[in-house]
Protein chains: 2
Amino acid sequence: MVAEAPAPETAAAGSVARIMTVAYELFSRRGVRDVGVNELIERSGVAKATFYRHFPSKDSLVLAFLEQRDKQWTVDAILSEARRRGNTPTERLLAIFDVFGDWFLREDFEACSFINVLLEMGPAHPLGQASIDYLARIRGHVQALAEEAGLQRPDEFARSWHILMKGSIISATEGDMQAAKRAQKMAGWLIEHHR
Amino acid sequence: MVAEAPAPETAAAGSVARIMTVAYELFSRRGVRDVGVNELIERSGVAKATFYRHFPSKDSLVLAFLEQRDKQWTVDAILSEARRRGNTPTERLLAIFDVFGDWFLREDFEACSFINVLLEMGPAHPLGQASIDYLARIRGHVQALAEEAGLQRPDEFARSWHILMKGSIISATEGDMQAAKRAQKMAGWLIEHHR
DNA sequence: ACAACGGGGAAGACCGGTCTGTCTTCCCTT
DNA sequence: AAGGGAAGACAGACCGGTCTTCCCCGTTGT
């Protein structure tokens with residue numbers, strides 16, 4: 001049975017947009033391997049031929065999803081929010097873990113898609129490689145904040161900081177709701193040692 | 001079941017042992033979703049009926065693998081080795097990241113199966129739950145070492161420590177070979193703050 | 001103005017392959 | 001004679017991907 005009849009106006013709007021919306025929802029919540037093309041097209045009310053006209057393969061849709069995730073989650077949801085919450089570069093760095101703390105509490109917390117895809121596909125797979133690239137972008141943002149804060153050896157700083165981010169995400173997936181606070185405490189020490 | 005028949009336990013035990021050996025190899029390297037029953041039985045030279053006589057389902061084999069992984073990797077390869085390398089409880093804690101450093105350099109580095117399965121299956125799936133349990137066991141070992149070292153709030157300590165362990169593993173999967181050193185530095189600060 | 005045309009999308013059959021799991025057949029050993 | 005194991009066919013479901021069919025709608029030619 002069809003979930004819901006696609007409204008005419010949404011049908012008029014781009015099929016690509018609907019596919020991307022559904023893909024973002026399903027991929028971020030359940031991973032990319034667990035979601036098949038048939039489910040994607042059914043839930044976005046699109047014909048299979050239409051899907052394959054816009055995306056040459058499922059993997060290319062996953063690539064588009066990862067890029068969307070970078071914009072929508074990494075940049076808009078996490079980094080912009082952290083920049084908004086802090087007044088100084090140091091505060092903004094630490095605010096990342098405040099945002100994480102709120103994020104971990106969400107009912108529909110879905111972990112980090114880049115880590116998920118990297119571990120699902122392996123670092124050798126093109127999608128794993130793409131995930132590694134996007135994770136490097138995150139590290140780049142942290143490094144930029146470190147440079148704004150005038151910290152020493154910003155590359156090393158960002159790599160250590162990223163360990164705390166990723167470790168806390170895994171701990172939150174296990175159910176530790178205080179993971180962000182713990183990571184933030186260690187993050188504070190890390191800042192001290194890079195001043 | 002039959003209790004009297006002496007049974008060719010060499011054959012039966014041989015089959016189970018061969019299946020477990022192959023499963024450990026393939027599951028730890030490629031994850032559990034990527035390895036099918038057909039490949040498992042082919043590479044262990046066992047009939048399908050034999051496989052399903054000893055394991056009621058693939059998932060039960062995965063559970064057995066996770067238990068084996070806990071014994072063979074967590075306890076024997078990591079924790080015992082760390083205990084061997086350090087002379088004091090504190091040294092032994094820090095030595096975990098020395099062992100990690102060596103492990104990250106291995107050509108066939110395969111990340112942490114518990115994290116892999118947790119993210120592959122999700123925290124709600126029985127196999128994800130089992131992975132969470134085994135990760136908690138790891139934290140228990142760390143907590144025991146913390147208590148031996150007389151550190152304060154050993155539970156909190158172990159949870160923070162575990163963040164460093166998991167984060168460094170993900171970073172190593174991305175290709176950062178120095179991840180263990182970075183985590184070890186932060187781990188040192190963590191010890192200082194729990195004295 | 002109206003009919004013919006044509007393109008895009010929806011629906012879904014279809015293909016070859018995979019998956020887990022069952023069941024049959026035959027052989028080998030005891 | 002009997003039972004376990006190897007081999008593998010088989011079932012039923014799913015996978016990604018191709019292709020056909022039909023329909024709706026806008027354009028165009030007359």
Side-chain angles (χ1 to χ4, degrees), chain A residues 1-23 26-27 30-66 117 120-122 125-128, chain B residues 1-23 26-27 30-66 117 120-122 125-128:
Chain A
M1 92 180 78
V2 180
E4 43 191 356
E9 63 272 14
T10 56
S15 309
V16 174
R18 261 180 306 148
I19 293 171
M20 281 302 296
T21 302
V22 171
L26 297 184
F27 283 160
R30 288 166 38 198
V32 296
R33 275 187 120 139
D34 199 46
V35 179
V37 174
N38 290 320
E39 183 176 0
L40 280 165
I41 64 169
E42 188 193 337
R43 296 182 69 149
S44 50
V46 141
K48 215 169 195 181
T50 305
F51 175 90
Y52 278 103
R53 185 172 308 117
H54 296 299
F55 299 96
S57 66
K58 181 192 171 185
D59 279 8
S60 76
L61 173 66
V62 176
L63 280 178
F65 155 69
L66 291 175
V117 173
E120 255 183 316
M121 312 304 293
H125 191 282
L127 295 178
Chain B
M1 297 298 269
V2 178
E4 48 95 13
E9 36 194 62
T10 56
S15 298
V16 173
R18 260 179 305 152
I19 292 170
M20 282 300 299
T21 302
V22 171
L26 298 183
F27 284 160
R30 287 166 37 198
V32 296
R33 278 188 116 138
D34 199 47
V35 179
V37 174
N38 290 324
E39 183 177 0
L40 281 165
I41 63 169
E42 188 194 336
R43 294 179 71 148
S44 49
V46 142
K48 216 169 196 181
T50 305
F51 174 90
Y52 278 103
R53 185 172 308 119
H54 295 300
F55 299 96
S57 67
K58 182 192 169 183
D59 279 8
S60 76
L61 173 66
V62 176
L63 280 178
F65 155 68
L66 290 176
V117 174
E120 255 183 318
M121 312 305 293
H125 191 282
L127 294 178

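Within every chain, numbering begins at 1; the chains are lettered A, B, ... in the order of the sequence lines, protein sequences first and strands thereafter.
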Contacts of [X] that satisfy side chain to side chain contact (heavy atoms under 4.5 Å, CB included) - sequence neighbours left out:
X: A/R30; value: A/L26, A/D34, A/V35, A/E39, A/R43
X: B/F51; value: B/I19, B/V37, B/I41, B/V46, B/F55, B/L61
X: A/S57; value: A/D59, A/S60

Counting just side-chain N and O atoms, does B/R53 come under 4.0 Å of either OP1 or OP2 of D/dG4? no

Residue list, ring-ring contact (aromatic ring centres under 6.0 Å, His included) with B/F65, at least two apart or on another chain: B/Y24, B/F27

Contacts of type side-chain hydrogen bond (donor to acceptor under 3.5 Å, both in side chains), residue B/K58, not counting sequence neighbours: none

Sorted by chain and residue number, the side-chain hydrogen bond (donor to acceptor under 3.5 Å, both in side chains) partners of B/E42 (sequence neighbours excluded) come out as none

A/I41 atom CD1 is separated from C/dA11 atom P, nearest whole Å, by 9 Å

Rounded to whole Å, please give me the gap between NE2 in A/H54 and C1' in C/dG9. 9 Å

Looking at every non-hydrogen atom in both residues, tell me the closest pair between B/V117 and B/L66 and how far apart they are. CG2-CD2, 4.1 Å

Kindly give the heavy-atom pair with the smallest separation between B/E120 and B/V32, and that separation in Å. OE1-N, 3.4 Å

Starting at the 5' end of nucleotides 13-23 of chain C, put B wherever the base has a protein heavy atom under 4.0 Å, S where only the sugar-phosphate does, and a dash everywhere else. -------BBBB

In 5'-to-3' order, the base (B), backbone-only (S) or no-contact (-) status of each nucleotide in nucleotides 25-30 of chain C, using a 4.0 angstrom heavy-atom cut-off, is ------

